[in-house]
Amino acid sequence: MASSRCFLRNNESSGMYDLNFFRNNLEQIRHRLLARGFVLDAEAFQDLDGRRRQLVTESERLKAERNQATVTIGQRRKTGADTSEQQQQVRAMGERIAELDEGVKQIDLEFRDFLARIPNVPHDTVPLGNDEQANVEVRRWGTPRDFNFAPKAHWDLGPELGILDLDRAAKIAGARFAVYWGLGARLERALINFMLDLHTREHGYQEVLTPFLINSASLYGTGQLPKFAEDSFRCEGHDLWLAPTAEVPVTNLFRDETLNAATLPLSLCAYSPCFRSEAGSYGRDVRGIIRQHQFQKVELVKFTRPEQSYDEHEKLTRDAEHVLQKLGLPYRTVVLSTGDTGFSAAKTYDIEVWLPGQNGYKEISSCSNFEAFQARRAQIRFKAGKEKADFVHTLNGSGLAVGRTWVAIVENYQQADGSVLVPEALRSYLNAERIDATGGRLV
RNA sequence: GGAGAGGUGGCUGAGUGGUCGAAAGCAGCGGUUUGCUAAACCGUCGUAGUGCCUUAAAGCGCUACCGGGGGUUCGAAUCCCCCCCUCUCCGCCA
């Protein structure tokens with residue numbers, strides 16, 4: 001029985017949108033999307049909306065008629081009267097209704113696709129610009145070390161220390177994969193524990209461990225689908241994808257749920273491996289482990305009330321930065337321009353760590369406020385007392401990308417003799433103060 | 001993977017073709033009673049879409065929704081098919 005409801009609930013995508021939100025704010029949305037270079041076809045929206053309402057109205061009118069006729073038939077049959085003629089009429093009515101509902105269904109699909117491809121509206125505080133050239137540095141912490149020798153890049157240092165093995169990784173998996181040995185492997189694990197402990201003990205996050213494979217509905221919920229299907233790995237024969245980031249499973253934890261307002265803001269942190277196809281990034285970061293098909297990440301995710309999301313965004317960004325401060329790694333934080341801000345985000349800070357091997361700052365965390373964009377798609381609401389339920393704001397950020405932190409430590413803490421000094425904060429986790437040429441072998 | 005049981009409103013749980021949006025209980029909300037609390041009693045109590053009205057809200061009406069999709073029928077929570085999920089047993093396995 002197709003109905004207007006199928007617009008809201010579709011098994012394979014579960015992409016759901018709030019039509020009223022677009023109807024009531026169409027011109028404003030269109031105007032603000034221009035800032036990020038997206039041209040919203042308002043006429044197409046109104047055309048779809050109008051056609052859909054026309055069909056729905058007609059269909060519902062006929063259904064009301066049919067329901068009445070049905071009752072009459074039931075009553076007459078009880079008295080033994082012949083109702084075959086009326087039955088014939090209702091049957092014909094049913095065919096017409098089916099046609100109309102089929103039309104509604106088609107428009108709903110068109111509508112869904114149309115809406116699913118509209119990016120989020122940038123926040124007022126986001127600098128205008130077309131690309132990363134327009135990003136604005138908001139702060140800088142630490143001073144890049146002055147080496148009295150030529151610092152090496154991690155792709156040289158790692159293999160020399162025996163802790164990083166890209167050749168064998170290529171053999172068993174392919175390009176853009178890594179094998180870590182000994183203290184290299186343990187450093188990765190130490191970083192994960194260090195980050196999780198910091199966020200749960202000092203920043204008030206609740207730890208959660210979620211599946212690394214997720215379904216399509218989850219990817220729609222956070223906005224990776226339908227536009228970015230080619231960025232993720234899909235499991236053949238299943239509606240399952242390798243999670244590109246823990247943002248997806250963690251944010252979707254509360255899909256189709258209404259949270260008690262008293263629990264907000266809700267701060268979660270999750271470790272997970274992340275899998276990305278990196279389609280279209282050929283030739284970028286080809287050396288080393290900066291850009292991998294698989295990497296690990298500790299993710300920070302928050303669910304907040306709308307009025308508190310920007311405060312929480314600032315906090316979340318500081319929480320991520322705190323990891324670098326504890327590790328003594330210089331960084332800077334930039335706010336992305338309208339043109340550089342991702343599809344689902346309203347505002348994003350990138351945290352960039354200093355990498356001697358690149359003689360520059362490299363993104364190590366991206367902290368975004370999605371406002372209600374994801375919440376509308378994933379139907380995540382909150383409710384306080386008698387108030388009508390409203391959509392939460394969702395935010396997330398890396399806290400941090402573990403692989404790139406590994407690189408930052410190896411490169412920033414390298415010594416003239418080729419060894420790597422372990423930052424104070426990490427020593428108890430790594431159970432070592434220095435990684436030298438025997439680092440690959442744990443005796 | 002095989003066999004069986006089951007998925008109904010915030011929760012528990014009735015309902016096997018017609019007036020069922022769905023009994024009953026609990027929770028919630030409003031009120032009466034009450035020194036306060038508790039109890040009792042009365043009332044109320046799903047979501048979404050759409051039409052009318054309205055600046056809007058409210059209101060009134062209609063439609064849809066009983067895990068999801070499809071089918072049978074004049075008419076489906078109820079009958080049939082497919083899928084998903086939960087539980088039990090078997091197999092396999094970390």
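Below, all heavy atoms of this structure are taken into account, side chains as well, without hydrogens, waters or symmetry copies. Below, chains carry the letters A, B, ... as their sequence lines are ordered, and counting in each starts from 1.
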Separation of the C1' atoms in B:G18 and B:U78, to the nearest angstrom: 11 Å

Reference residue A:L316; test side chain to side chain contact (heavy atoms under 4.5 Å, CB included); the match among A:S267, A:S309, A:C367: A:C367

P spacing across the pair B:G70 / B:C89, given as an integer number of angstrom: 36 Å

Euclidean distance for C1', B:G46 against B:C42 (whole angstrom): 22 Å

A:R76 with A:D82: basic N within carboxylate O range, under 4.0 Å: no

Protein-nucleotide distance (A:E257, atom CD; B:G46, atom P), rounded to Å: 21 Å

ring-ring contact (aromatic ring centres under 6.0 Å, His included) partner of A:F343, chosen from A:F370, A:F373, A:F38: A:F373

Whole-Å gap separating P (B:A64) and CG (A:L62): 12 Å

Rounded distance (Å) that lies between atom P of B:G46 and atom CG of A:D256: 21 Å

Atom-pair distance (CD on A:E102; P on B:G70), nearest Å: 9 Å

Pairs where residues 162-176 of chain A contributes a residue and the test side chain to side chain donor-acceptor pair (under 3.5 Å) is met, not counting sequence neighbours: A:D165-A:R168, A:D165-A:W181

Atom P, compared across B:C29 and B:C45: separation rounded to whole Å: 15 Å

Aromatic plane relationship, A:Y310 with A:H123 - under 30° parallel, 30 to 60° tilted, over 60° perpendicular: parallel

Closest nucleotide among B:C74, B:G51, B:U63 to the A:E60 side chain: B:U63

Contacts of A:R381 that satisfy side chain to side chain contact (heavy atoms under 4.5 Å, CB included) - sequence neighbours left out: A:T258, A:Q379, A:A389, A:F391

Spacing of A:D239 atom CG relative to B:C85 atom P, expressed in whole Å: 11 Å

OP1 or OP2 of B:U50 under 4.0 Å from side-chain N/O of A:R23: yes

Range-with-range stems of RNA chain B (Watson-Crick or G-U pairs under 3.5 Å, three or more in a row): B:1-7 with B:84-90, B:10-12 with B:24-26, B:28-32 with B:40-44, B:46-52 with B:59-65, B:67-71 with B:79-83

Integer angstrom distance from the P of B:G17 to that of B:A76: 14 Å

Phosphate OP1/OP2 of B:U63: any A:N67 side-chain N/O under 4.0 Å: yes

Pairwise P distance, B:C81 and B:A3 [rounded to whole Å]: 15 Å

Phosphate contact (B:G51 OP1 or OP2) by A:R53 side-chain N/O below 4.0 Å: yes

Non-neighbouring partners of A:E65 that pass side chain to side chain contact (heavy atoms under 4.5 Å, CB included), sequence neighbours left out: A:R61, A:L62, A:M93

Atom P, compared across B:C93 and B:A14: separation rounded to whole Å: 40 Å

Candidate nucleotides B:C62, B:A64, B:U50, ranked by approach to the side chain of A:K63 - the nearest: B:A64

Between B:C62 (P) and A:E58 (CD): distance, integer Å: 18 Å

A:Q54 CD - B:G51 P separation (whole Å): 11 Å

Residue whose nearest RNA chain B nucleotide is more 5′ - A:A64 or A:Q75: A:Q75

Interatomic distance where CD belongs to A:Q89 and P belongs to B:G75 [whole Å]: 13 Å

Partner residues of A:R427 under the salt bridge (charged side-chain N to carboxylate O under 4.0 Å, His left out) criterion, sequence neighbours left out: A:E424

B:U50 and B:U72, which share atom name C1', separated by this distance in whole Å: 29 Å

Polar side chain donor-acceptor pair, A:N120 to A:S344, under 3.5 angstrom: no

A:D285/A:K362 under salt bridge (charged side-chain N to carboxylate O under 4.0 Å, His left out): CA gap, chis, key distance, verdict: CA-CA 11 Å; A:D285 305 314; A:K362 187 73 183 176; 3.1 Å; yes

Each nucleotide N or O in nucleotides 15-18 of chain B that has a protein N or O under 3.5 Å away: list the pair and distance.
unit_1	atom_1	unit_2	atom_2	d
B:G18	N2	A:T70	O	3.1

Ring centers of A:F382, A:F303 separated by less than 6.0 Å: no

